[in-house]
Amino acid sequence: MQEVHAAAPGRSIAITLPDGAVRTYGTGITGLEIAESISKSLAKAVIAVRINGEICDLSLPIERDARISLIKREEDAALEMIRHDAAHVMAEAVQSLFPGTQVTIGPSIENGFYYDFARNEPFSTEDLAAIEKEMRKIVEKGAPFTREVWSREQAIKFFTDKGEMYKAELIRDLPESEDIKIYRQGEWLDLCRGPHMPSTKHVGTAFKLLKVAGAYWRGDSNRAMLTRIYGTAWRNDKELQDYLTQIEEAEKRDHRKLGREMNLFHMQDEAQGSVFWHEKGYTIWLALEAYMRRRLRDADYIEVKTPQLMDSRFWEQSGHWGKYRENMFVVPDVVPNTEEGGKVFKEEPKHFLALKPMNCPAHVQIFKQGIKSYRDLPIRMAEFGCCHRNEAHGALHGLMRVRQFTQDDAHIFCRESQIKSESIAFCELLSKIYRDLGFEDLKVKLATRPEKRVGTEESWDYAENALKEALEAAGLPYELAPGDGAFYGPKLEFHIRDAIGRSWTCGTLQLDPNLPERLDASYIAEDGQRHRPLMLHRAILGSIERFIGIMIENYAGKLPLWLSPVQCVVATITESADDYAQEVYDMLRKAGLRAELDVRNEKINYKVREHSVAKVPALFVVGAREGTDRTVAVRRLGSQDQAVMPVAEAIAALAEEAKPPY
RNA sequence: GCUGCCGUAGCUCAGUGGUAGAGCGCGUCAUUGGUAAUGACGAGGUCGGGAGUUCAAUCCUCCCCGGCAGCACCA
């Protein structure tokens, strides 16, 4: 809030600068005037002022003693303002080029900004060039941003009269306590919380409009679809260029592109959202799964396998039929009609089966077999469970969002007193695994009690605390996501970013006291009575499909040796080395390595290039010399040189390196 | 699902109201080479599907399917 403090006129105030120096000014002094009083060059460079920690307009009169710091363009804080101002400039440009377009909201975002417009005919990519050109004109003009405070009625009337129904709605919804602030830039004005830089000129030239997309008004799919224009903006052209290059580089890592190039998997229309794993991709899968099994076994998990297809009665009990059905694939339990050209089903189906969207209810069924004692707890029940979810078409995305996926799922049945130790053990297991798999860009969120919830405050305190302590014990930094927990319990979310900067949830830990109740799971405690176990849902990779996708991008396709589908290629230089190459290849296979033999009639340059492009980590080149000496010329991916060494030694070294992290 | 853009050979893409072209890949032949593309020749496409306009549609219009980006959803 840029509050204008009431103060006696003519009084002087003490301004504390970041270096601790205290200067005295008359009340109502502005950030800009302070800058001018220090130096002319500073006054020129400064774009905003931080007053008591809050970023404000340079023109805002300061009425009380304050700590201030002047913000220059070079600072990170400036970026956000450049982007915000760019959004305003874009809105002005759009309204001048396309009269009748309504403006709505336009914030700065990571790497740029957007503005949502309402217009009968949505914008297309072709409009971007013209809008950008107009923006440059506005920036060039350099109209000052000036701030006004209007009365609510005046503002609503003004925007309503202009036909700006969205702005009027925004104003109506502002809390009574808030000033209605209007920022002018030349002829144009907008409702805005601010702050802004001194003029449109300060936006600079390092911006670019990137894409157009639809976006719902107020993020609500029941409301109007607006047109959103995205742009990026930076301090200078170099930063802009770097960013654009970075986007290009990221696109090269896209797992969908690499998956095709490396022959890992494909997808096709007839099975949208499901993956055809090719041999090479499935090799990665199997290696990863085998690694996970070892980790799970060591952490005292048991592994199970549960049905794909279960009766709707079962899903009614679990609650999925009521709450999750729209995401489920439902199959009528009827023998199909075989008459040619006839209906698929002769009779209206009365009974239905559904493909499982989750593994938890099935795990509870296994838990319920026989009578469990408190001595059996905790039971850690794992499954590489294949689930189907009928995701919206627009949500599907390569391996990241699919309709059929396999979770490294597990449910821990335990008593309340075991939540803490189980959560700690889980976080430790997870961070060990993420480390092994090469993940550093990990974001952890602790989602706490939402407004609508069940359970007592004490149980929430206990559960949230348990998760917090688990994170701390595992040394994982985290952010709070207040109110984002499930209605039945708090949860941890482990987010990993993909190449293009999108964030995906992989691991998760959720506390669920609800499902055991619904499905009537119990154990016998010391008191001889039946008690409800608690359930922890947890996954580390999340979905194996998604995780492999993220790994491909994380490593830009250059997977560590133990996960590489082809670990070594033996490539010959001349035909005379064919027999020896075959021998080397056999030795590699015998050493347990995934090898290929390339005796094609091609030049060595060609072979080296091809296997490098295919991201094969090790290349054993053999010619006549190597055959005679029983050596190989080892060339590693990414290296320009090669090392000639005895074949046995080279294989032993490679085999050693190819051992999984566990 | 919503908005916009897109759909041409296995891949990346060019192109035109008169039923198509390049590079890579693939095949054959020649070449036997020393660490990121040897050369020649050849095969390969109902131009996503359907309907309409037209003497004529890959091209224009409409519908459908799919992909991409964002939104919504999801975790």
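Quick note: numbers below take in every heavy atom, side chains included, and nothing from hydrogens, waters or symmetry partners. A quick note: this is a predicted structure, and the numbers were derived from the prediction, not measured. Quick note on labels: first sequence line is chain A, next is B, and so on, each numbered from 1.
Side chain of Tyr166(A) to main chain of Phe117(A): no donor-acceptor pair is present (N/O by atom type, distance under 3.5 Å, no hydrogens or angles). Side-chain atoms of Thr104(A) come within 3.5 Å of backbone atoms of Asp116(A) as a donor-acceptor pair (strictly under, hydrogens ignored). For Arg546(A) (side chain) and Thr505(A) (main-chain N/O), a donor-acceptor pair under 3.5 Å exists by modelled atom type.
Residues from residues 635-646 of chain A placing a heavy atom under 4.0 Å of any atom in RNA chain B, listed by number, are Arg635(A), Gln640(A), Gln642(A). Of the residues in residues 505-516 of chain A, those with a non-hydrogen atom less than 4.0 angstrom from any atom of RNA chain B are Thr505(A), Gln510(A). Of the residues in residues 245-260 of chain A, those lying under 4.0 Å from RNA chain B by heavy-atom distance are Arg256(A), Arg260(A).
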Polar atoms only, N or O, under 3.5 Å: list the protein pairs with nucleotides 70-73 of chain B and their distances.
from: rG70(B); atom 1: OP1; to: Arg502(A); atom 2: NH1; distance (Å): 3.3
from: rG70(B); atom 1: OP2; to: Arg502(A); atom 2: NH1; distance (Å): 2.5
from: rG70(B); atom 1: O3'; to: Tyr230(A); atom 2: OH; distance (Å): 3.1
from: rG70(B); atom 1: O2'; to: Tyr230(A); atom 2: OH; distance (Å): 3.1
from: rG70(B); atom 1: N2; to: Gly214(A); atom 2: O; distance (Å): 3.3
from: rG70(B); atom 1: N3; to: Gly214(A); atom 2: O; distance (Å): 3.4
from: rC71(B); atom 1: O4'; to: Gly214(A); atom 2: O; distance (Å): 3.2
from: rC71(B); atom 1: O2'; to: Tyr216(A); atom 2: N; distance (Å): 3.1
from: rA72(B); atom 1: O2'; to: Ser221(A); atom 2: OG; distance (Å): 3.2
from: rC73(B); atom 1: O2; to: Arg401(A); atom 2: NH2; distance (Å): 2.9
from: rC73(B); atom 1: N3; to: Arg401(A); atom 2: NH1; distance (Å): 3.0

Name the pairs: protein N/O against N/O of nucleotides 58-60 of chain B, kept only if under 3.5 Å.
none

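Here Ser612(A) lies in heavy-atom contact (under 4.0 Å) with a base.
Phosphate proximity of rA69(B) to Tyr114(A): absent, as no side-chain N or O sits under 4.0 Å from OP1 or OP2. Between rA36(B) and His611(A), no contact under 4.0 Å exists linking OP1 or OP2 to a side-chain N or O. Between rA36(B) and Asn605(A), a contact under 4.0 Å exists linking OP1 or OP2 to a side-chain N or O.
Remark: Met165(A) CE to Leu170(A) CG distance equals 12.0 Å, nearest 0.5 Å.
Base-pairing analysis of RNA chain B finds the following stems of at least three consecutive Watson-Crick or G-U pairs, with both pairing distances under 3.5 Å: B:1-7 with B:65-71, B:10-13 with B:21-24, B:26-30 with B:38-42, B:48-52 with B:60-64.
For Phe113(A) and Tyr115(A), the distance between ring centers is not under 6.0 angstrom.
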